[in-house]
Structures are given as structure tokens and as C-alpha cells.
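Below is one structure, written out as C-alpha cells, with a few remarks after it.
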Amino acid sequence: MEKTHSCTIVKKTMLCPDTYDFVVNFPQEPKPGQFVHISCGEGVMLRRPMSVCDYFDNNLRFSFAVRGKGTKLLAQHSVGDKLDILGPLGTNFGVDKKGDGVSLVIGGGIGIFPLFYTAKFLGEKTEAILGFRTKDLVIMEDDFNAVCSKTHIVTDDGSYNCAGLVTDIFKERLQKGDITSVYTCGPRGMMKAVAEIAAENDIFCEVSLEERMGCGIGSCAVCVCKIKGKYLKVCQNGPIFNAREVDFDE
Amino acid sequence: MEKTHSCTIVKKTMLCPDTYDFVVNFPQEPKPGQFVHISCGEGVMLRRPMSVCDYFDNNLRFSFAVRGKGTKLLAQHSVGDKLDILGPLGTNFGVDKKGDGVSLVIGGGIGIFPLFYTAKFLGEKTEAILGFRTKDLVIMEDDFNAVCSKTHIVTDDGSYNCAGLVTDIFKERLQKGDITSVYTCGPRGMMKAVAEIAAENDIFCEVSLEERMGCGIGSCAVCVCKIKGKYLKVCQNGPIFNAREVDFDE
Amino acid sequence: MNNLDMSVNIAGISLKNPIVTASGTFGNGWEISRYYDLSELGAVTSKAITLSPKQGNPPPRIAETDSGVLNSVGLQNSGIEFFLKYDLPNLRRYDTKVIANISGNTIEENCEIAKRLGGEVDFIELNISCPNVKQGGVAFGTDPRIVYDITGRVREHCSVPLIVKLSPNVTDIVEIAVAAQKGGANALSLINTLLGMKIDVNTRKPILANNTGGLSGPAVKPVAVRMVWQVAKNVDLPIIGMGGIMSGEDAAEFILAGASAVAVGTANLVTPTAALDIKKQFVQYLVKNKIKNVKDIIGAVIAN
Amino acid sequence: MNNLDMSVNIAGISLKNPIVTASGTFGNGWEISRYYDLSELGAVTSKAITLSPKQGNPPPRIAETDSGVLNSVGLQNSGIEFFLKYDLPNLRRYDTKVIANISGNTIEENCEIAKRLGGEVDFIELNISCPNVKQGGVAFGTDPRIVYDITGRVREHCSVPLIVKLSPNVTDIVEIAVAAQKGGANALSLINTLLGMKIDVNTRKPILANNTGGLSGPAVKPVAVRMVWQVAKNVDLPIIGMGGIMSGEDAAEFILAGASAVAVGTANLVTPTAALDIKKQFVQYLVKNKIKNVKDIIGAVIAN
Ligand SMILES: Cc1cc2nc3c(=O)[nH]c(=O)nc-3n(C[C@H](O)[C@H](O)[C@H](O)COP(=O)(O)OP(=O)(O)OC[C@H]3O[C@@H](n4cnc5c(N)ncnc54)[C@H](O)[C@@H]3O)c2cc1C
Ligand SMILES: Cc1cc2nc3c(=O)[nH]c(=O)nc-3n(C[C@H](O)[C@H](O)[C@H](O)COP(=O)(O)OP(=O)(O)OC[C@H]3O[C@@H](n4cnc5c(N)ncnc54)[C@H](O)[C@@H]3O)c2cc1C
Ligand SMILES: Cc1cc2nc3c(=O)[nH]c(=O)nc-3n(C[C@H](O)[C@H](O)[C@H](O)COP(=O)(O)O)c2cc1C
Ligand SMILES: Cc1cc2nc3c(=O)[nH]c(=O)nc-3n(C[C@H](O)[C@H](O)[C@H](O)COP(=O)(O)O)c2cc1C
Ligand code: FES
Ligand code: FES
């Protein structure tokens, strides 16, 4: 039988203002792209979904931006506190479908978190293209550098590296003709653009979708996205979907 | 203008199982018999009323038994934490009406707390009669000994000192004929019995009443008790009432 | 804050800002006025006023529930004479509008109270939605024909705008609101409390001596916001929105849904300065969202 | 625990214990069965079943409120054929009763679904109280004449006891319950969700794509307990009580109020093992209060 885990926080870091990184004891090894569903504490009833950012030595790492009540409460926890965590949950990135060429992980903002763990599975021929709004929000560059052969960083305002969008770099990088797979997570518009470029170039592309969740395990049917014209559950049929099947405009 | 106080907890003691004693910084000197209205923390909306147990050097002491959700949450606070406290509130014991003889403070269980601060105002000719269910619940004996000329303790089951009710000691003590005032707080039945004996002996007697509260300041009218046939607010017209005027059976 | 226009209009009368106190949670101002200057508020609402003094229900009269409060006060008050003689003159010392909440046992009684209030108050709020009394109260507020009738008859005796306060314990709030409008209401207040109950599982007794009571506080906010939104879309009367407002953003939510003003109720039980605090937070919200005139966001929700 | 009689009777069928899952919060058991053995429960309730598969409403479909949850799923499901072919056989592997929640768009559709279910399930729960669909749903559940009519007509097609699930969005729950009883209902479920709304004050948009949704969770518990109590006093049918049950003591509160069984809904969204946890806590409550037979406390509230 599966169960929820009572996990001790062993490390807490602030990555940039209002963005935290937690490492907790966690007994079950997740697959890349999966998420966990976290109880944020007294006063917030529903759990909040967070992507697996890393897993090592029975430790789970997840990182998150403070948005509303739940993430605010979560951020107030300290090393030594316990968190009630459900998971790992959901489908995983098809890292076995990466092909023989170079894999790209393309992320924007907090969408980069699941891509780090994923890049570790994709192996040395992986490159990362990461976009941030501005210099102060650029995070995890060293992490990605350690597992990717190259990490391209862009900022919307050009305050760090070149100004531009991840799709600009993506298109540029496609010129070499050695890309065989793309894994992406970030704002919906970004993922849509990445998906379109991948489709035009006939490259395998998977996306990690987000939707407001209830149960996180598939029993309440609230977290749906349109996939090939049908509402599928992001928590159970996703969060990873083949980019071609997602109806981004719904 | 009056305001709520943000008070730092400077001392926390356990008096007996599930009964705590807090000392907090507090800027306003209360009168004996008054209460404060305390925010117990996230998840409990309404404040909880607690009698002033002592006041010294800008420090307020209150003590409480853990009953339900509010007091449970309150008990989880530690030294250094802040509490949002409203008060002091309500009417006070008429210590100036004590007369020339001996004053008695008669309390049962958690009803003893306001009597300690009151006894300090009554002076050396004060005696305490305190009743508890059983030995393990006997608390504050030393405190009362320090401010009263004599402290009589009874337990329901006789596990500490003699078995019996505070009213037994009260009646016995009346024989000497030197009692001129009685101040009482405790279970309703106990206060009623004390009030009746006081009335029979024509002794000045005041009681501290309890009722479930909302605002604590007189603006919501939920905390009423029947006083001379009318519903009066315990938080504003009380908690201290002349025993003769209370309709104990309502 | 300087070039911020906080004023709103309710039935031709301008409130300096949209923050009001809700009836029954503010006494008649005596106590709360020791915590802040009532002139800070757009308006204050009196406790329910009846013709003769009223004892109310036996205690306990309050129980806390998850994010909510049940009360069964039952309209305890000192009657219209006392109000006119003592409470009103005191409230008049402040630069704020006064809403008199009236709760007669019968239609005639409400007419009589309205007549006696005359032009002394700024608004009369007819409470046909109290769940805690056997006569009058919610019995009036759940049948559209009765709502129409009572509104019309009380309206005849009002020298000032008549606000009708609606009960949420109904199948179709719009139908009730329309009835009040047709009856001649000049504004609507919603919502009063939802009827609820809490039982102590150890003693097996209801916590409230009255068994049931009215549920208020954040727990009911989604129901209140929905009702304000439905009524605002369908009825052309200004609305005073209430139900669980604890913060400036909560106030904004009701105004976006269609309320012209908002009333703070249960929050007053939590902290005496609640209405003032909420006003300040609401100003912060306006500033942060670059809103210069409150009236611009009344009903400005972008619904699907 | 050995000499504890946990069984309860609903319309002649014995449930081994009074803990049931609420429709729509438990899928059709596939997922939650990976967390505990469903045979632990007195009964399980299916997701709403319609005749043809149903897409439901666009997302977002959920919003959290203070102590509550708003949902606007809109009865997404794979239809009766899928249920009979895949879901039901799977549920039948467990030693628990199966309640089929049916939610047709029309009376005829409900009759047809009931007919197709035949004797395959233990109970049919007619959902005339979903606030998230335009057709059927709550529109059926708020008019006593329609409730009487639909209950009677669906009853004719049921080979098993018919439970009618009532909406709390009504003026008089007793009137509706009486109508269902007269129509031939064998049991009642209450409550479904209260209609609510939440607006994001920064974007000014409702959080739910459907604008409004159904409010559930601890926030609504006082309303649910009150309705169960009112109906239990006035209607002679077994009640499955629900609305905000998160603990064993919450379950006890509903049973004291008059419910013969209780359903766990929103709690399943918080923790997959919720219904099992609540059952265990309820046993502790019984032991602590020296209650040997659950049936002894059904409706045992000592009201004033
Ligand atoms: C599969 C999955 C994985 C995720 N992984 C991460 C991650 O690794 N790091 C991270 O920072 N965030 C992640 N998110 C988003 C994160 O779950 C939300 O930011 C969080 O739930 C917001 O909770 P809150 O209480 O702070 O916000 P709320 O008060 O609930 O809302 C505040 C804002 O957050 C947004 N939001 C609320 N719920 C969700 C949701 N379920 N999904 C997306 N946005 C939401 C709303 O649009 C709203 O503007 C993930 C979401 C999903 C579905
Ligand atoms: C003026 C006044 C002074 C008080 N002083 C003290 C004190 O010094 N020390 C102390 O331990 N307690 C004192 N009490 C009682 C204390 O306020 C309650 O025990 C407390 O509010 C219970 O809160 P809870 O959340 O733990 O209980 P809840 O979960 O609200 O209820 C649990 C139990 O507490 C009782 N209770 C709840 N509210 C009240 C209330 N307002 N008054 C009395 N009983 C209540 C109920 O009967 C119930 O059985 C005082 C009460 C009043 C009115
Ligand atoms: C203790 C209490 C007493 C109340 N008394 C009255 C009353 O006398 N007249 C009235 O119209 N409403 C009364 N109400 C209802 C409030 O005015 C308000 O409509 C309701 O509580 C919802 O707002 P809230 O959630 O902010 O409290 C009372 C509410 C409470 C909590
Ligand atoms: C996400 C969700 C989906 C629901 N779907 C249904 C449904 O399909 N049919 C139904 O009768 N009730 C449905 N309900 C209502 C519940 O069965 C239950 O009546 C209600 O939520 C109150 O119980 P609770 O507070 O324990 O959740 C749903 C509730 C939720 C939260
Ligand atoms: S969150 Fe419940 S089905 Fe996805
Ligand atoms: S608690 Fe509000 S009047 Fe006493």
C-alpha cells in the first residue's frame, strides 16, 4: 500500500528573493518530471504540488516561489521541521526517448526545477536553455552547468547575458541539426512556442503542465487540461504530456 | 485610545498536567478580578478570556487549563513568542468593600487564578479556601501561602489534606464570626453554594462569572448571564458581580 | 492617498468611504469608539432595534466553528426609546453616517420603529433575515411575496433611504432581491447569517442554548460573494456587501463582485480595531493596484 | 473494539460501519485503493454517472477558501457503460457496499441510468443537487414539486434502494426532504455543496473558469449538521450525513444529529487515507465514550 510520508527538512536555502529550496528526507526514488504533493501547514487545507528538483541519498529536493497563502506558509518552515508529503506522483519525462543526438531542457522561471533532475537522467549530451525575467531571478546556473554540457541563460530585460526569449536560443541552437529531443517546463505561452518550433522541426518534445490541484492522485478530477480534445488529469495522466497532443489554446 | 497589546512571553511553567502558567510583558496595570482576552494563534479566530492571576513589574501572569482548540494552541507557545492580548477588561472585585474583619477568597479548580491577584489587594487578614478534584491538581499553594494568613486546601477525594468541599471549610470558618467579605470563583455550583452561605450570614460576597465570549468588550452581546432577571454582559457588566444579584439557576 | 476618491454613493447619500460596521457586532458604538475614532468609517450600523426592550436568547450564545462563528443573540437590545435618547446622540458626535437596523416582531412594529426614527438617522436597514428569533426575522425574509409586502409597507413610514437586509437561507437570492426592489427598497444589504448548528460530541448537547445559530465569518465568504455578484447583475440597487470580511482584499472582493459598500461584522469580535484596519488595508490595495476612485471597481469583476 | 457493533442499516441494507465516501471525491476507487483496503469502509460512492461520457467544465476547477474548497468539476465522467464495464467490477472486488451516484441531464436520463444499473449496485444515489451544471443538477433539487416528481419516476426504475441527495441551497430543507420521502425515496444524503464564488482581487477574475462553484469542507459543517438535525426530526428516512467531516468527532457530530451513516468528501482531497483515518478516530471516540453500538447514538443529541 502507498502512503504519505512524514519528512524531516534537512536543508533550507533561499535561491533568490521569495524563492526557496528545501531538502527533505524522502524514502521513495522519484522519476524525472514527477511531482510531490505537500501539506503546507495549519490554515491551508489542500496540498500544493511541487516538482521534484533532485533526488540523492534518500533526500528529495524541491524548490518553489512564494505565490499565495500555501507557499507562504511552506516557506516559514525550518530545518528540523516535518512536512507531510504525498508522492512521488504523476507521469515522468520520457528520458528513454531522447534519441541519439543532443537533448535540450528548456525552462522559464520556476519551470526550471523539474528540468534539473531530468537533465541528470539525460546524460552528458544535454544542454539547458533557461529564461528568467531579470538578473536577480537567475538561479541554479551552477547546478545546470554541472549536469549539462552547456547552459544558455537569457533574461527578458538583458540584465544578465543576452536579452531575449528561450525560443530565440532554441531556434539558433537548432541550426546545427543535432537536437533529437526537447523537454520543457515554464509559462504556458513559452511552452506553446517551444512545442510549435519542435513540431515544425519534427523533434520529440514533452511538456510539464500545471493546473490547480485537489487530491493530486486522480480521484477528484479538478486538475484537467485539454489533451487531444479531451480533459485529462494533470496529476495522473500528466504532468508530462507529449507536446503535440496538448491543446495549448484551451 | 485603547489598543491591543503585542506581548512577549517571558516565562512559561506547567503547574500540573494540562495547566500552564504564562508571564508576559504587559503595559497596563489591571485591577483584581479583571481579565484579558487572548488571541491563541492561526486557526482559532476568537480570543479566549483569561483572568489576571498576577501583575508585577510590567509583567502579567495568567494561568489556564487546556480545554479545547484555543487553549491547546495557546499552550503551544514558547518563551519569546508574542501574544496579541486585549485588556485589561471587565469589572473588578470590590476589595475596598472588604470591611474590617477577615476576607476570604474561595476558589475551585481554575477558579483560583483571579483570587491570587485579588488576595494581594486584600491584605494580611485574608484567608484562602481552595478546592481541587484530586491531589495531582493541587496548585499554587505556596503562592497563596505567601499572600494569605492561612490557606485551607481540600480535595474532592481526600487525596490531599482533608476530603470535602470548600463550603464545608467556609461554614466551619464562619464560626469565629470574624469574616466580613468573601470573593469567589470556580464552578457555578460551588459559587452558588458559597453565595447562599454568605447571604444567610449576611456577608458581603462577590463572584466572578464565566460565559462564552466573542468580542470581550461589550459590543456583541453574546456573553450574558441573568442578573436580577436581566441578561447582563459578563465581559462588560462583569465578570465580577455581587453574589446576591446573580440568578444562578438560569 | 491624497488623490484617492474613496467616497461611494448609497441611495443618493454619499459615504466618505465604503467601510461600514455590520449590525450586532459593533454594539451601538460606545465600546469600539474607545479604540478608534468612528469618524474614520463610511457608516456605522446600530444593533437591531425593536419597539420594546428585548431580552434575547439564553446563553451560551456563541460557538466557534472552522473559520466561522455561530451566534444566537436573538436581538437583545434596549428598544427604540433608549436608542433615540442615548445611543443615537452619541453616534451623532462622529462624522459618519448612521444606519439604524430595525427588527420588529411584526410588520406594524417595523413601521412604527421606522416612523419614530424619522429623519434622525441616515438610513434604515430593515432586518428580515435574523435566524435567531421565532417571530419576524428570517420568516419575513424567505418568501418573496412577504418581502415585497413588508418592504412596501415599511417604506411608507421611512423618511430616509430604506436598506433591506437579506437572508442567505434562501433558494434564490435574486428573486428575493427583486421583490425588495419592487417593494421600494433603496438599497440592499447581504448577507445576514446562514443557519447552522454545533454539537459537543462528549456532552451530546448543542453548544448554543438555542440549538441553532447564525453562521458568519470567513467560512461564509464564498457564499456571500456569490450572492452579491448574482444580485448585482440582476438588480439595479446599491448593495452593502458583507460576510466574512477580515481584510482589505476581502473588502475589494465584495466591491469587485458588485457591492458599493462593505460591512465588517465578525472581524469586530476578533479585534476592536478591525474595521479601521480593514479600511487601511483597502487603501493599500487601491494604491498598489493604481485605483484612484473606488467607484471604478464596483462590479468590475471580469467574469467568464 | 471487539464487542463494538459498528453496523448500521440504510433502507434495509446493513453497512458494516457508517463510514462512506462522498461522490466525486473518491474517483471510482482505483486511486484510493492503492492507499488502503476499501473493504474497511461501510460503503463507497461512485463519481456522478451520466448516460454518455461528460467532459465537465473548463479548468481551473478548484479554489481554496477559508476552511473550504470550491469546485466546479461539472460531473466529468465516462458514462454508464464504462462504469458498468470497468469501474463496478473493480469495486466489487472489495467487501463494501457500492452506491452509484447518478446525475442525468433529464428525468428520463436518470430513469434510464437507474434501469441500466439494475441490481448491480447496492444503492442508487440520485444527485439532484449539483450546482455546477446547467441542466439537471440543482435545478431539480430546489423545487419540492420537481423533487417529488423526479424521485417518484426514478424510483420506478430502481431495483435497489434509492437515496436522494439534497442540495443545501434551499430555503427549507425539510420541505424538500419531505417531498423526496413522499416521492418514494428510501434514504437521503445531505448535504451537497453550497454555491459560492471567489475572485482574484489582483486579476479581477473569478478563480474558477465557471465563475461559481460548490463550497465544501469544514466551512460548511455547521450548515450541514443543522440540516441533518432538522431533517432527522421531521422525516422518517435514514440519512447519510456529510459536509466537512475531517475527523472521527466530526463523524460523531453528524450521527448524533441524526445521520445513520456519514460520507467523507473534501477530506479525501487532503489525504488519500482520510476515510480510513476518520473511521479509526470514530472508533476511538466510541471507545472513549463507552458506546458499544453505533446505533445507540444515531440522533442522540440532547437538544434544548
Ligand atoms: C505538477 C506541478 C508542479 C509544480 N512545481 C512547482 C515547483 O517546482 N516550484 C514552484 O514554485 N511551483 C510549482 N508549481 C506551482 C505551485 O504548485 C503553485 O505556485 C502553488 O500551488 C501556489 O500555491 P499558493 O497557496 O502559494 O497560491 P494560491 O494562494 O493558491 O494562489 C496564488 C497563485 O498561485 C497560482 N496557483 C495556485 N495553485 C496553482 C497550481 N496548482 N498550479 C499552478 N499555479 C497555481 C495561482 O494562479 C495564483 O495566482 C507546480 C504546479 C504543478 C501543478
Ligand atoms: C472572564 C473569564 C475568565 C477566565 N479565566 C480563566 C483562567 O484564568 N484560566 C482558565 O483556565 N480558564 C479561564 N476561563 C475559561 C477559559 O476562557 C476557557 O476555558 C477557554 O475559553 C476555552 O477555550 P478552548 O478553545 O480551549 O475551548 P473550546 O474548544 O472553545 O471549548 C472547550 C470547553 O471550554 C469551555 N469554554 C469555552 N469557552 C468558554 C468560555 N468563554 N468560558 C468558559 N468556558 C468556556 C466549554 O464549555 C467547552 O467545554 C475564563 C473565562 C472567562 C469568561
Ligand atoms: C454576534 C452577532 C450579532 C449579530 N446581530 C445582528 C443584528 O442584530 N441584526 C442584523 O441585521 N444582523 C446581525 N448579525 C449579522 C451581521 O450583521 C452580518 O450580516 C453577518 O454576521 C455577516 O457578516 P460577517 O461574516 O462579517 O460577520 C449579527 C452577527 C453576529 C456575529
Ligand atoms: C471535487 C468535488 C467533486 C464532487 N462531485 C460530486 C458529484 O459528482 N456528485 C455528487 O453528488 N456530489 C459531488 N460532490 C459533493 C460531495 O459528494 C459532498 O456532498 C460535498 O462535498 C460535501 O461534503 P464534504 O464537505 O465532506 O466534501 C463533489 C465535491 C467535491 C469537493
Ligand atoms: S488533483 Fe484530483 S484528479 Fe488531479
Ligand atoms: S463578549 Fe461581546 S459583549 Fe461580551
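Within every chain, numbering begins at 1; the chains are lettered A, B, ... in the order of the sequence lines, protein sequences first and strands thereafter.
Below 30°, between 30° and 60°, or above 60°: for B:Phe62 and B:Phe22 the angle between ring planes is between 30° and 60°, a tilted geometry. Between B:His37 and B:Phe35, the ring-plane angle classifies as perpendicular under the 30° and 60° cut-offs.
Put simply, of B:Val222, B:Thr4, B:Val44, the one with the most heavy-atom pairs under 4.5 Å next to chain C is B:Val222.
With a 4.5 angstrom heavy-atom cutoff, C:Gln76 touches chain B only via side-chain atoms. Proximity to chain C is limited to the side chain of B:Glu211, based on heavy atoms less than 4.5 angstrom apart. Looking at B:Arg212, both its backbone and its side chain come within 4.5 Å of chain C, counting heavy atoms on both sides. Only the backbone of C:Ser33 comes within less than 4.5 Å of a heavy atom in chain B; its side chain stays farther off. For B:Ile217, the parts lying under 4.5 angstrom from a heavy atom of chain C are both the backbone and the side chain.
Each of C:Thr45, C:Asn90, C:Asn77, C:Asp87 was scored for a side chain to side chain donor-acceptor pair (under 3.5 Å) with C:Asn28, with one residue passing: C:Asp87. The one candidate from B:Val36, B:Leu60, B:Ile9, B:Asn25 that meets the side-chain contact (heavy atoms from CB on, under 4.5 Å) condition with B:Leu83 is B:Ile9.
In this structure, C:Gln281 CD and C:Met246 CE are separated by 10.5 Å, a value rounded to the nearest 0.5 Å.
Within a 6.0 Å radius of CD in B:Glu42, no more than 12 heavy atoms belonging to other residues, nucleotides or ligands are found. Counting non-hydrogen atoms of neighbouring residues, nucleotides and ligands closer than 6.0 angstrom, the NZ atom of B:Lys31 reaches no more than 12 such neighbours.
Across all their heavy atoms, C:Ser129 and C:Asn192 have their closest contact at OG-ND2, 2.8 Å.
Sequence neighbours left out, not one pair with a member in residues 227-250 of chain B passes ring pair (Phe, Tyr, Trp, His ring centres under 6.0 Å).
Listed in order of number, the residues of residues 19-27 of chain C that approach chain B to under 4.5 Å between heavy atoms are C:Gly24, C:Thr25, C:Phe26, C:Gly27.
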